[in-house]
Protein chains: 2
Amino acid sequence: MQTKLNIFNRNKQLILYGISLALLLFLLRWLELKFIIIDNAFEIYAGAIAIIFTALGIWLALKLTKPKVQTVIVEKEIYINQNNDFVLNEDELSRLNLSKRELEVLQLMATGLSNDEIAERLFVSLNTIKTHSSKVFEKLDVKRRTQAVDKAKKLSLIR
Amino acid sequence: MQTKLNIFNRNKQLILYGISLALLLFLLRWLELKFIIIDNAFEIYAGAIAIIFTALGIWLALKLTKPKVQTVIVEKEIYINQNNDFVLNEDELSRLNLSKRELEVLQLMATGLSNDEIAERLFVSLNTIKTHSSKVFEKLDVKRRTQAVDKAKKLSLIR
DNA sequence: AGCAAAATCACCCTAAAGTATGAGCCCATT
DNA sequence: AATGGGCTCATACTTTAGGGTGATTTTGCT
């Protein structure tokens with residue numbers, strides 16, 4: 001039904017371009033007939049045509065080029081019933097590139113331990129835990145431990 | 001140091017375009033001189049030039065313009081464990097004597113919000129939230145917000 | 001109306017958390 | 001032998017959390 005119209009619309013620029021080309025040629029011919037145009041001014045003609053149609057080409061290209069597609073990934077939360085059976089989301093884990101130690105710290109964080117307590121528990125210094133937790137926050141793209149815990153639980157990184 | 005080279009590189013296409021235009025004109029002139037080209041074949045010239053330079057224009061535009069970007073949003077599914085069958089432990093709640101507001105603060109805490117953010121969310125001052133959270137910690141018998149969240153979840157005070 | 005609990009807020013102070021940066025050590029891979 | 005990642009630790013600094021205290025205002029209840 002609308003096929004013809006579509007074809008016209010799609011090739012609108014192309015058709016207009018053809019028409020303009022024809023018109024321009026007629027115009028030139030008419031000018032040639034009406035006024036005295038010196039023969040050796042041919043280069044001027046050619047140059048003018050070249051410039052005009054270069055511009056046309058540029059315009060055409062800009063109009064007709066399809067934009068490149070840039071994919072933006074948006075996280076969509078899907079809720080699942082999963083009560084007792086905790087399964088570690090290994091895909092997510094490897095995607096986030098969390099190290100063993102970082103995950104360990106995250107787990108202890110989730111139980112409500114302070115950095116000091118975690119440090120004691122793991123027999124390392126407080127500064128070490130701070131470094132780990134900072135990296136965890138970075139990787140999880142969060143700002144606080146509470147956020148980290150919340151997100152990690154939602155992602156099934158910890159139970 | 002590399003400024004000159006840069007200028008050349010940047011305008012490479014432009015320069016090449018100019019050169020090609022000049023060459024083409026020379027070529028046409030040469031053809032005109034060498035062979036018998038009928039006068040009224042002017043339109044053919046013009047057409048040829050038009051086509052060639054349209055192509056050149058298109059090519060130029062494609063080369064020089066930054067690619068248009070079109071953002072396409074792709075949803076990525078993230079699986080979240082959630083107990084649909086969450087039942088608030090009212091016994092525990094009344095036993096602990098948590099007020100409405102305190103529970104509210106606790107819930108927001110669990111989502112990883114800072115006191116400041118909670119204050120904004122509830123349209124009250126930071127100090128108020130501090131007071132509330134302190135009372136929550138007291139009543140839950142914990143020392144930190146992370147502990148409070150953990151305990152509250154275990155007690156089914158929050159989901 | 002009067003009372004108690006709840007909610008609000010302030011100020012001051014300390015503790016803990018978090019950021020930034022740099023560095024050393026160990027281990028596996030190239 | 002070199003490279004890189006993971007783990008460790010330090011120092012210095014900023015921000016946020018939390019404790020203590022007191023005060024005012026709302027609100028629900030008798």
Side-chain angles (χ1 to χ4, degrees), chain A residues 88-155 157-158, chain B residues 88-155 157-158:
Chain A
L88 196 146
N89 188 344
E90 309 219 25
D91 295 345
E92 202 65 36
L93 191 59
S94 61
R95 201 173 65 76
L96 291 170
N97 206 24
L98 278 178
S99 75
K100 265 186 252 169
R101 209 51 160 172
E102 285 160 0
L103 185 63
E104 215 174 343
V105 170
L106 183 55
Q107 285 167 336
L108 294 175
M109 238 179 227
T111 68
L113 294 185
S114 68
N115 284 339
D116 237 329
E117 289 165 342
I118 296 172
E120 276 184 42
R121 188 77 62 101
L122 298 181
F123 303 106
V124 294
S125 84
L126 170 61
N127 286 310
T128 303
I129 300 303
K130 283 188 176 183
T131 309
H132 284 318
S133 53
S134 279
K135 290 210 164 186
V136 168
F137 301 154
E138 244 181 66
K139 291 180 180 177
L140 281 178
D141 191 30
V142 296
K143 293 196 187 110
R144 282 175 286 283
R145 51 177 48 243
T146 45
Q147 260 183 33
V149 169
D150 188 50
K151 190 161 188 178
K153 284 193 174 179
K154 282 179 176 166
L155 292 176
L157 299 176
I158 55 179
Chain B
L88 196 147
N89 189 344
E90 308 219 26
D91 296 344
E92 202 66 35
L93 191 59
S94 60
R95 204 172 62 75
L96 290 171
N97 204 26
L98 278 178
S99 76
K100 263 187 257 172
R101 209 51 162 170
E102 285 160 1
L103 184 62
E104 214 174 345
V105 170
L106 183 56
Q107 285 167 337
L108 293 176
M109 238 179 227
T111 69
L113 295 185
S114 69
N115 285 338
D116 236 328
E117 289 166 340
I118 297 172
E120 275 185 44
R121 188 77 63 100
L122 299 181
F123 304 106
V124 294
S125 83
L126 172 60
N127 287 310
T128 304
I129 300 303
K130 283 188 176 183
T131 311
H132 285 317
S133 54
S134 279
K135 289 209 166 188
V136 169
F137 301 154
E138 242 180 67
K139 292 180 180 177
L140 281 178
D141 190 29
V142 296
K143 291 191 188 119
R144 281 172 289 281
R145 53 181 42 246
T146 45
Q147 260 182 34
V149 169
D150 189 50
K151 190 161 186 177
K153 284 194 175 179
K154 282 178 179 164
L155 291 177
L157 298 177
I158 56 178

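From a predicted model like this one, the values you see are computed outputs, not experimental measurements. A note on names: the letters A, B, ... follow the listed sequences, proteins ahead of strands, and every chain is numbered from 1.
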How close or far is atom [atom2] of [N] from atom [atom1] of [X], stated in whole angstroms?
{"X": "A:Leu103", "N": "D:dC7", "atom1": "CG", "atom2": "P", "answer": "10 Å"}
{"X": "A:Glu102", "N": "D:dT8", "atom1": "CD", "atom2": "P", "answer": "10 Å"}
{"X": "B:Phe137", "N": "D:dG20", "atom1": "CZ", "atom2": "P", "answer": "13 Å"}
{"X": "A:Leu122", "N": "D:dC7", "atom1": "CG", "atom2": "C1'", "answer": "12 Å"}
{"X": "A:Glu117", "N": "C:dA17", "atom1": "CD", "atom2": "C1'", "answer": "13 Å"}
{"X": "B:Arg101", "N": "D:dG28", "atom1": "CZ", "atom2": "P", "answer": "13 Å"}
{"X": "A:Lys135", "N": "C:dA20", "atom1": "NZ", "atom2": "C1'", "answer": "13 Å"}
{"X": "A:Ile129", "N": "C:dA15", "atom1": "CD1", "atom2": "P", "answer": "21 Å"}

side-chain N/O [X] vs [N] OP1/OP2, d < 4.0 Å:
{"X": "A:His132", "N": "D:dC7", "value": "no"}
{"X": "B:Ser99", "N": "C:dA7", "value": "yes"}
{"X": "B:Ser134", "N": "D:dG19", "value": "yes"}

Self-check item: A:Ala148 versus A:Leu140, closest heavy-atom pair with distance
Solution: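 Taking A:Ala148 first and A:Leu140 second, the nearest heavy atoms are O-CD1, 3.8 Å.
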Test item: [X] side-chain N/O and [Y] main-chain N/O as donor-acceptor pair under 3.5 Å:
{"X": "B:Arg144", "Y": "A:Gly112", "answer": "yes"}
{"X": "B:Glu138", "Y": "B:Lys135", "answer": "no"}
{"X": "A:Lys151", "Y": "A:Val142", "answer": "no"}
{"X": "A:Asn89", "Y": "A:Leu155", "answer": "yes"}
{"X": "B:Lys139", "Y": "B:Asn97", "answer": "yes"}

Quiz item: CG/A:Leu113 to CD1/A:Ile129 distance, rounded to the nearest 0.5 angstrom?
Solution: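 Going from CG on A:Leu113 over to CD1 on A:Ile129, the span is 10.0 Å.
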Practice problem: Measure the spacing between OG1 of B:Thr111 and NZ of A:Lys154 and express it to the nearest 0.5 Å. | Solution: 7.0 Å
Practice problem: Would you sort out whether A:Arg145 and A:Phe137 count as a side chain to side chain contact (heavy atoms under 4.5 Å, CB included), showing the intermediate values? | Solution: CA-CA 7 Å; A:Arg145 51 177 48 243; A:Phe137 301 154; 3.8 Å; yes
Quiz item: Of all residues at least two apart in sequence or in a different chain, which pass the side-chain hydrogen bond (donor to acceptor under 3.5 Å, both in side chains) check with A:Lys143?
Solution: none
Self-check item: Per A:Asn115 side chain, nearest of listed nucleotides C:dA16, D:dC7, C:dG18
Solution: C:dG18
Exercise. Could you check B:Lys153 against A:Lys153 for side chain to side chain contact (heavy atoms under 4.5 Å, CB included), going step by step and ending with a plain yes or no?
Key: CA-CA 12 Å; B:Lys153 284 194 175 179; A:Lys153 284 193 174 179; 4.3 Å; yes
Between the protein and nucleotides 9-13 of chain D, which nitrogen or oxygen pairs come in under 3.5 angstrom?
unit_1, atom_1, unit_2, atom_2, d
D:dC9, OP2, A:Ser125, N, 2.7
D:dC9, OP2, A:Thr128, OG1, 2.9
D:dC9, N4, A:Thr131, OG1, 3.2

Quiz item: Is there a side chain to side chain contact (heavy atoms under 4.5 Å, CB included) between B:Val149 and A:Val149 once you walk through the steps?
Solution: CA-CA 10 Å; B:Val149 169; A:Val149 169; 5.9 Å; no
Self-check item: End axis versus end axis in the helix from C:dA1-D:dT30 to C:dT30-D:dA1, the angle rounded to 10°, five pairs used at each terminus
Solution: 50°
Quiz item: Can we say A:Arg95 and A:Glu92 salt-bridge, meaning some charged N sits less than 4.0 Å from an Asp/Glu carboxylate O?
Solution: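 Salt bridge flag = yes for A:Glu92 with A:Arg95.
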Distance-only donor-acceptor hits, side chain of residues 119-127 of chain A, under 3.5 Å, sequence neighbours excluded:
unit_1, atom_1, unit_2, atom_2, d
A:Ser125, OG, A:Asn127, N, 3.3
A:Ser125, OG, A:Thr128, N, 3.2
A:Ser125, OG, A:Thr128, OG1, 3.1

For nucleotides 28-30 of chain C, give me every protein contact, N/O to N/O, under 3.5 Å, one pair per line with atom names.
none

Quiz prompt | Nearest-nucleotide comparison on DNA chain D, the residue closer to the 5′ end among B:Met109 and B:Lys100 | solution =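 Taking each residue's closest nucleotide, the earlier one in sequence belongs to B:Met109.
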Practice problem: For DNA chain C, find the residues of residues 138-147 of chain B with a heavy-atom distance under 4.0 Å and give them by number; none if there aren't any. | Solution: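 Output list: B:Arg144.
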